[in-house]
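All residue numbers refer to positions in the sequence shown, counting from 1. Fair warning: this is a prediction, and the values are worked out from it, not measured in the lab.
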Amino acid sequence: MIIDDLKSENGHLMIGGVDSVELAKKYGTPLYVFDISQVRSQIRKFKSAFEKNNLKYQISYASKAFAVKAIYQVMKQEDVHIDVVSGGELYTALSAGFPSEKISFHGNNKSYDELLMAVKEHVGVIMLDNFHEIDLLSQILKQEKATTKVMLRLTPGISAHTHKYDQTGQTDSKFGFDVESGQADKAMKSVLDDENMELTGIHAHIGSQIFGTQGFVMLAKKMMEIAKKFQAEFNYWPKVINLGGGFGISYNEDDDPITADEFIGQIADELKKTNNEVPEIWIEPGRSIVGPAGYTLYTVGSRKDIPNLTSYLSVDGGMGDNIRPALYQAKYEAVIANKMDQPNEQTVHIAGKYCESGDILIDQQQLPKTKPGDILAMLDTGAYGYSMAMNYNRNPRPAVVFVEDGQDKLVVKRETYQDLTSLDLDY
Ligand SMILES: *Cc1c(COP(=O)(O)O)cnc(C)c1O
């Protein structure tokens, strides 16, 4: 989100047609707010890009980015698939009424119980990641007299670092079957030999917050080569090639994200070079669907000015509701939601309230003059924010509100102190 693109009325930041300052008053802070029309519009951009290029496709929202019942219900309304990576995400999606046949189950160490749950709930596809899992699943399917669709997660030797890509031989990723060393061939053989598994296709995911189309085009090309190889060796042609997620978003002006049209257009050109049938293309966007739609509202509290050096402006949340800055130096931008019409007059560190020196939400932020009680809105916090929230220092996790068409709806309650002790037992 570019600050200049934000909407305001009477000096107040508007989110989805709702006054953010009123939201802070009504629900308290810290507060996660999602502009759901932005979520829907991003999904529709992906869909229309595929349709323009006449590709058969599926969009599977990588729900680890933000996994609460209400967002699964939005995904159901938008008629997309979802990825889950744990029994807990699967449970949440099912309890939201999300159809199990549209769920892909990922993860590099799914437990026996998780796989059993996936089989019993008739999950759409189980993404097989390693040999241990093939054995476990095979055993479960026999014992349950069940069958399931599976895909093989491959590490095709392409790694995308945010700004550059390389094509390596073997990869050292913890995920998936390495192609170069022959693990993928072995896995293919095991799965094709298992009468209870139906191999839908092959999958790869090259990273996250990726800019530029080059990495995805390289991946599409490589996956088609791998498909050709499997065709020669196993007489198997995939119905689906899953290219994973990782499409970057703009957290600040240095970030230059690619549009859905750009990268899907280029992928389509690459895929259509084949003489074989072009497989169905699945993608798994997480961040790009929910990231830009999310805002975190905080109340400004204390301030520390160190003469001739620097200033810290503290807010009533921090690493417990958004660990990304502390965890991997993620960059964000923020505005004062009740002073959108005032010029910037200071540069401060935005500090969280947690007892860690590293709990700095934003290193350098320009802001108008501030005073305690002002509402700070951090932008683009929708992905890997609430889903990574925790209770360090016994701070309750924030509430989550969805806004759309000028209406607001509480979708996750604020945790209470009673909630915090609800699992504790006396000794
Ligand atoms: C995390 C993940 C995604 C989503 O990545 P984003 O960067 O949020 O788009 C997609 N596929 C797999 C397998 C993942 O692990």
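Defined by atom type and a distance below 3.5 Å, a donor-acceptor pair is missing between the side-chain atoms of Asp135 and Ser138. Counted by atom type alone, Glu262 and Thr259 present one or more donor-acceptor pairs between their side chains at under 3.5 Å. Looking only at atom types and distance, the side chain of Asn391 has a donor-acceptor partner in the side chain of Glu415 under 3.5 Å away.
Shown are Thr200, Leu137, Ile134; of these, the side-chain contact (heavy atoms from CB on, under 4.5 Å) with Val150 is made only by Leu137. Each of Asp321, Val335, Leu361 was evaluated against Met378; a single residue qualifies, Leu361, per the side-chain contact (heavy atoms from CB on, under 4.5 Å) test.
Counting only distance, with no hydrogens or angles, the side chain of Thr29 and the backbone of Leu31 share no donor-acceptor pair below 3.5 Å. Judged by distance alone, the side chain of Asn53 and the main-chain N or O of Leu55 form no donor-acceptor pair under 3.5 Å. Between the Glu133 side chain and the Asp129 main chain, a donor and an acceptor come within less than 3.5 Å of each other. Remark: the backbone N or O of Asn395 is not paired with any side-chain donor or acceptor of Asn393 at under 3.5 angstrom. Of the possible polar contacts, one joining the Asn130 side chain to the Asn108 backbone as a donor-acceptor pair under 3.5 Å is found. A donor-acceptor contact shorter than 3.5 Å links the side chain of Asp255 to the backbone of Tyr251.
Atoms CD1 and OH, on Ile360 and Tyr312 in that order, are 5.0 Å from each other to the nearest 0.5 Å. In this structure, CD1 on Ile15 lies 11.5 Å from OG on Ser8, to the nearest 0.5 angstrom.
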Practice prompt. Start with the C-alpha distance between Trp282 and His81, add both sets of side-chain angles, then the distance that settles ring-ring contact (aromatic ring centres under 6.0 Å, His included), and finish with yes or no.
Written response: CA-CA 10 Å; Trp282 290 19; His81 286 210; 5.3 Å; yes

Worksheet item: Passes side chain to side chain contact (heavy atoms under 4.5 Å, CB included), Phe230 versus Leu192? Steps please.
Response: CA-CA 11 Å; Phe230 287 161; Leu192 291 172; over 6 Å; no

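Geometrically, Lys186 engages Phe131 in a cation-pi contact defined by less than 6.0 Å to the ring centre and at most 45° from the axis.
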